[in-house]
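Inspection log for the structure reproduced underneath, given as structure tokens.
Lettering of chains follows the sequences in order, A, B, ..., and the numbering in each one begins at 1. Just so it is clear, the model here is predicted, and its values are computed rather than measured.
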There are 2 protein chains.
Amino acid sequence: MGTSERKAKEKEEIKTLILNAAKKLFVKIGNEQVTIRKIAEEIEYSVGTVYVYFKDKNDILNELHRQGFGQLGSAIGILKSVSDPMERLKALGRVYFHFALDNPDMYDLMFNMKAPMEFLEAMQKEEWNEGKATFDVLRKNVEKCMESGHFKGHQLEPLSFVIWSTVHGMCSLHISQRVKGVIIENPESIIEKAYEEFVALIDKE
Amino acid sequence: MGTSERKAKEKEEIKTLILNAAKKLFVKIGNEQVTIRKIAEEIEYSVGTVYVYFKDKNDILNELHRQGFGQLGSAIGILKSVSDPMERLKALGRVYFHFALDNPDMYDLMFNMKAPMEFLEAMQKEEWNEGKATFDVLRKNVEKCMESGHFKGHQLEPLSFVIWSTVHGMCSLHISQRVKGVIIENPESIIEKAYEEFVALIDKE
DNA sequence: TGGATAAATGAACAATGTTCATTTATCTTT
DNA sequence: AAAGATAAATGAACATTGTTCATTTATCCA
């Protein structure tokens, strides 16, 4: 029936309306300042309406976190053009931490906040597909590197996790403001320099 | 005058009473569930009393975060007995991530939460002495390694930051529940295995 | 002992996420 | 087209949070 289709479409439209408002506020005033009331005000609906379309706040944050992985995925997708696996791996790290520094609140939501994981638990879904897919890109890349002779004597998955951890750690420490005040020399450019050091470490392998 | 001394002592006692209650709740029910009212209830004082001794909740969390660094510092202190700098560096990483895994909420407070940094800002203190001191231990250790011939061609501070980032990243991803669901093989022991990979990476330098 | 100083109190406020009975709009059927 | 049924939207109300501050209670000192 055509009518039910249209209605479903309309429902989707309002859902994305809410999500767009949430994202707009999210990047504008940052995560902690986003309230359901502000979202409702932004789209000129009542508070209750938001709860018609989303189970709770975690539901909204979970959707935003998914969108974030969409963004990150697009950025990573460009790297398919880099054929040499080792070069692609290095570029992957760069894309990753630039995404994090450009979208700190989104990155925090994707990799630090409890909201998305709590939502998945509440939904009985054990699978964190977004994270899985992204880590898979890294793991496959490292695998290619190993196939072409790099990382001899290393184990694929733990090594991939180490690489992820290193880049994530730099981003996380930066976003949580722990770098400033600890680093004496060039606290602004430390991540770039540190990444060079990291590349030097893995390049010899 | 003796009386004012005694009064100052009493004030300190109540402060520590509050802090101990806060810490007890902190490790028991975790960070997010700790409320001023629960702290007050725990020590059988009124809510207002807590605000007589602490400016706000961030003040309390800042003190707890300092205590955390005290704990971590003690754990690290034992490593003085390890004379070989490279061995000491590896052991340092182990102590660090074991502390993180054993005290996830405390670690989160120390290295992720905004509360301590916000408190320092509000107090006009730019200095994060706790973090500085801890990072200094790492940097000095790396320096010793370089003096004894390791890490040739690397820069002290960026390299130290990379090492910190790697271990912090593993801890952070574990605490934020991002490891489970992404790692296929042995999600429990991944950190141990990954740390071995990391050690292998830096050991060759 | 009484007046001053310090400490403790808890009611009250604003902001938050969330619920739900009620109202309003839309659709379906006769 | 009207009426009844279904769906969507509403916003007042609730519980919980951090925080404040006039008031009460305790302590000190002259």
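In this structure, B/Ser46 reaches the C/dT9 phosphate: one of its side-chain N or O atoms is under 4.0 Å from OP1 or OP2.
At most 12 non-hydrogen atoms from other residues, nucleotides or ligands lie less than 6.0 angstrom from CD of A/Glu44. Under a cut-off of 6.0 angstrom, the local environment of CZ in A/Arg94 is crowded, with over 12 non-hydrogen atoms contributed by other residues, nucleotides or ligands. Counted within 6.0 Å of NZ on A/Lys15, heavy atoms from surrounding residues, nucleotides or ligands total more than 12; the atom is thus considered enclosed.
A heavy atom closer than 4.0 Å to some atom of DNA chain C occurs in no member of residues 12-26 of chain A. Listed by residue number, the members of residues 107-118 of chain A with any heavy atom below 4.0 angstrom from DNA chain D form an empty set.
B/Glu10 has its CD atom 14 Å from the C1' atom of C/dA8, to the nearest Å. Atom-to-atom, NZ of A/Lys11 to C1' of C/dA25 comes out at 15 Å; the value is rounded to the nearest Å. Between the C1' atom of C/dT9 and the OH atom of B/Tyr45 lies a distance of 12 Å, rounded to the nearest Å. Remark: P of C/dT16 and CD1 of A/Ile60 are 14 Å apart, rounded to the nearest angstrom.
B/Glu12 pairs by the side chain to side chain donor-acceptor pair (under 3.5 Å) definition with nothing, not counting sequence neighbours. For the ring-ring contact (aromatic ring centres under 6.0 Å, His included) test, residues two or more places apart in sequence or in another chain that qualify with B/Phe69 are B/His65, B/Phe111, B/Trp128. For the side chain to side chain donor-acceptor pair (under 3.5 Å) test, residues two or more places apart in sequence or in another chain that qualify with B/Gln71 are B/Lys23. Remark: A/His154 engages A/Glu205, B/Glu197 in a side chain to side chain donor-acceptor pair (under 3.5 Å) (not counting sequence neighbours).
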List the atom pairs, donor and acceptor, that lie under 3.5 Å between side-chain atoms in residues 161-168 of chain A and the rest of the protein, sequence neighbours left out.
residue: A/Trp164; atom: NE1; partner: A/Tyr96; partner atom: OH; Å: 3.0
residue: A/Ser165; atom: OG; partner: A/Phe161; partner atom: O; Å: 2.8
residue: A/Thr166; atom: OG1; partner: A/Val162; partner atom: O; Å: 2.8
residue: A/Thr166; atom: OG1; partner: B/Thr166; partner atom: OG1; Å: 3.0
residue: A/His168; atom: ND1; partner: A/Tyr107; partner atom: OH; Å: 2.6
residue: A/His168; atom: NE2; partner: B/Ser172; partner atom: OG; Å: 3.0

Exercise answer: donor-acceptor pairs, residues 25-38 of chain A side-chain atoms, under 3.5 Å, sequence neighbours excluded:
residue: A/Thr35; atom: OG1; partner: A/Lys38; partner atom: N; Å: 3.1
residue: A/Lys38; atom: NZ; partner: A/Gln33; partner atom: O; Å: 3.0

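Salt bridge absent: A/Arg88 and A/Asp84 never bring a charged side-chain N and a carboxylate O closer than 4.0 Å. Salt-bridge check for B/Glu196 with B/Lys193: failed, with every basic side-chain N at 4.0 Å or more from each acidic carboxylate O.
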Open item on the list: At under 4.0 Å between heavy atoms, how does the protein contact nucleotides 15-22 of chain D? Give one character per nucleotide, 5' to 3', with B, S or -.
Closed with: --BBBB--
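Every pair passing side-chain hydrogen bond (donor to acceptor under 3.5 Å, both in side chains) that includes a residue from residues 114-126 of chain B is listed here, sequence neighbours excluded: B/Asn58-B/Glu118. The salt bridge (charged side-chain N to carboxylate O under 4.0 Å, His left out) analysis of residues 49-60 of chain A, with sequence neighbours excluded, yields no pairs.
The bend of the helix from C/dT1-D/dA30 to C/dT30-D/dA1, defined by the angle between the axes of its first five and last five pairs, stands at 20° to the nearest 10°.
Counting any heavy atom pair closer than 4.0 Å across all strands shown, A/Tyr53 reaches sugar-phosphate atoms only and no base atom.
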